[in-house]
Amino acid sequence: MKSAFTAFRVKSGWMGLVGSEAGIQRIYLPGLKEEELRKRILSDFPGCREGADFLSQAQKELTEYFSGRRVKFDFSLDLSGATPFQKRAYTVMCSIPFGEVRTYRWLAGRLGNPKALRAVGGANAKNRWPIVIPCHRVIGSNGFLTGFSAPGGLALKTALLELEGIPVEKNRVKSKSPNA
């Protein structure tokens with residue numbers, strides 16, 4: 001199945017999608033200029049063509065999310081590039097409700113291994129479907145925001161949490177204590 005991409009503007013900048021008829025293969029969060037984003041997509045997905053109808057629903061829903069009008073997503077993801085552990089971690093991450101956070105320790109515990117904090121962090125870092133698989137809702141046990149590899153890093157993670165009504169101050173979630 002041939003992949004296609006689209007780049008589009010949301011309130012916080014340019015973002016991109018790559019997908020096929022099987023579902024979205026990658027979501028690129030805002031943080032790059034339009035031309036940089038297009039170059040990155042074509043570097044990651046050589047031969048990918050621009051534009052396809054199967055990307056329009058995902059684009060619409062992500063635009064609504066960044067406008068504060070959507071909390072759930074209905075479009076399909078193509079997780080074929082994820083490992084079995086990552087798929088399990090992503091399933092658990094998807095159970096974190098909009099507007100709430102959980103800790104890496106909580107996530108590792110839900111996966112049956114409370115000591116698997118590094119593995120959980122690795123799955124988060126390799127998440128190709130941010131927002132839909134809400135790795136931005138996973139924080140440190142002390143309430144501090146930890147690594148976020150998307151362009152914009154912790155500033156973008158802060159913006160995403162605040163968009164969902166979670167107050168953050170000095171890279172730490174305030175007022176709402178994270179579930180352990």
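Values reported hereafter were calculated over all heavy atoms of this structure, with side chains retained and with hydrogens, waters and symmetry mates removed.
Across all their heavy atoms, L42 and C48 have their closest contact at CD2-O, 3.5 Å. M15 approaches I27 most closely through the heavy-atom pair CE-CG2, 3.7 Å. Taking every heavy atom of both residues into account, A4 and G51 meet most closely at CB-O, 3.9 Å. When every heavy atom of L62 is checked against every heavy atom of L17, the shortest pair comes out as CD1-CD2, 3.5 Å. Taking each heavy atom of L77 and F75 in turn, the nearest pair found is CD2-CE1, 3.7 Å.
Y65 is not listed as a side-chain neighbour of V71, based on a closest heavy-atom distance of 4.5 Å or more. The shortest distance between side-chain heavy atoms of T158 and L145 falls below 4.5 Å. Between V10 and F8, some side-chain heavy-atom pair lies under the 4.5 Å cut-off. D78 places a side-chain heavy atom less than 4.5 Å from the side chain of S20. Within the 4.5 Å cutoff, the side chain of K170 has no heavy atoms near those of the F144 side chain. Side-chain contact check for W14 versus P30: every heavy-atom pair is 4.5 Å or farther apart. Residues L111 and N113 form no side-chain contact, since every pair of their non-hydrogen atoms from C-beta on lies 4.5 Å or further apart. Side-chain contact check for E100 versus E164: every heavy-atom pair is 4.5 Å or farther apart.
When the shell of 6.0 Å around NZ of K33 is examined, it contains 12 or fewer heavy atoms from other residues, nucleotides or ligands. Taking a 6.0 Å sphere around CG of D53, one finds it holds 12 or fewer heavy atoms contributed by other residues, nucleotides or ligands.
The hydrophobic cluster containing F85 also contains L79, counting ILVMFWY residues as joined when their side-chain heavy atoms lie under 4.5 angstrom apart, directly or transitively. Under a hydrophobic-cluster definition in which Ile, Leu, Val, Met, Phe, Trp and Tyr are linked whenever side-chain heavy atoms come within less than 4.5 Å, directly or via other members, L29 and V168 are assigned to the same cluster. When the side chains of ILVMFWY residues are joined at heavy-atom separations under 4.5 Å, either directly or via intervening members, L156 and L37 end up in two distinct hydrophobic clusters. One hydrophobic cluster holds both V173 and V138 under the rule that ILVMFWY side chains link at heavy-atom gaps under 4.5 Å.
Rounding to the nearest 0.5 Å gives a distance of 4.5 Å between CG of L161 and CD1 of I166. Summarising the geometry, atom CG belonging to L154 is positioned 8.5 Å from atom CZ belonging to F148; distances are rounded to the nearest 0.5 Å. The structure places OG1 of T91 at 11.5 Å from CD of Q86, a figure rounded to the nearest 0.5 Å. Rounding to the nearest 0.5 Å gives a distance of 13.5 Å between CZ of R102 and CE of M93. Atom CD1 of I41 sits about 9.0 Å away from atom CG of L32, to the nearest 0.5 Å. Atom CD of Q57 and atom CD of Q59 lie 10.5 Å apart (nearest 0.5 Å).
Side-chain atoms of K2 come within 3.5 Å of backbone atoms of G47 as a donor-acceptor pair (strictly under, hydrogens ignored).
Y104 and S141 form no side-chain donor-acceptor contact under 3.5 Å, judged by distance and modelled atom types alone.
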Donor-acceptor pairs under 3.5 Å, side chain of residues 119-131 to any protein atom, not counting sequence neighbours: which ones?
from, atom 1, to, atom 2, distance (Å)
N127, OD1, W129, N, 2.7
N127, ND2, I133, O, 2.8
W129, NE1, I24, O, 2.9
W129, NE1, Q25, O, 3.3

Hey, mind stepping through F98 and K72 against side-chain contact (heavy atoms from CB on, under 4.5 Å) and telling me if it holds? CA-CA 8 Å; F98 179 93; K72 286 183 174 181; over 6 Å; no
Give the intermediate values and the outcome of side-chain contact (heavy atoms from CB on, under 4.5 Å) for residues D74 and E61. CA-CA 8 Å; D74 299 318; E61 290 182 22; 3.5 Å; yes
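Judged as a side chain to side chain donor-acceptor pair (under 3.5 Å), the pairs with a partner in residues 34-49 (not counting sequence neighbours) are, in order, R26-D44, Y28-D44, E34-R38, R38-E50.
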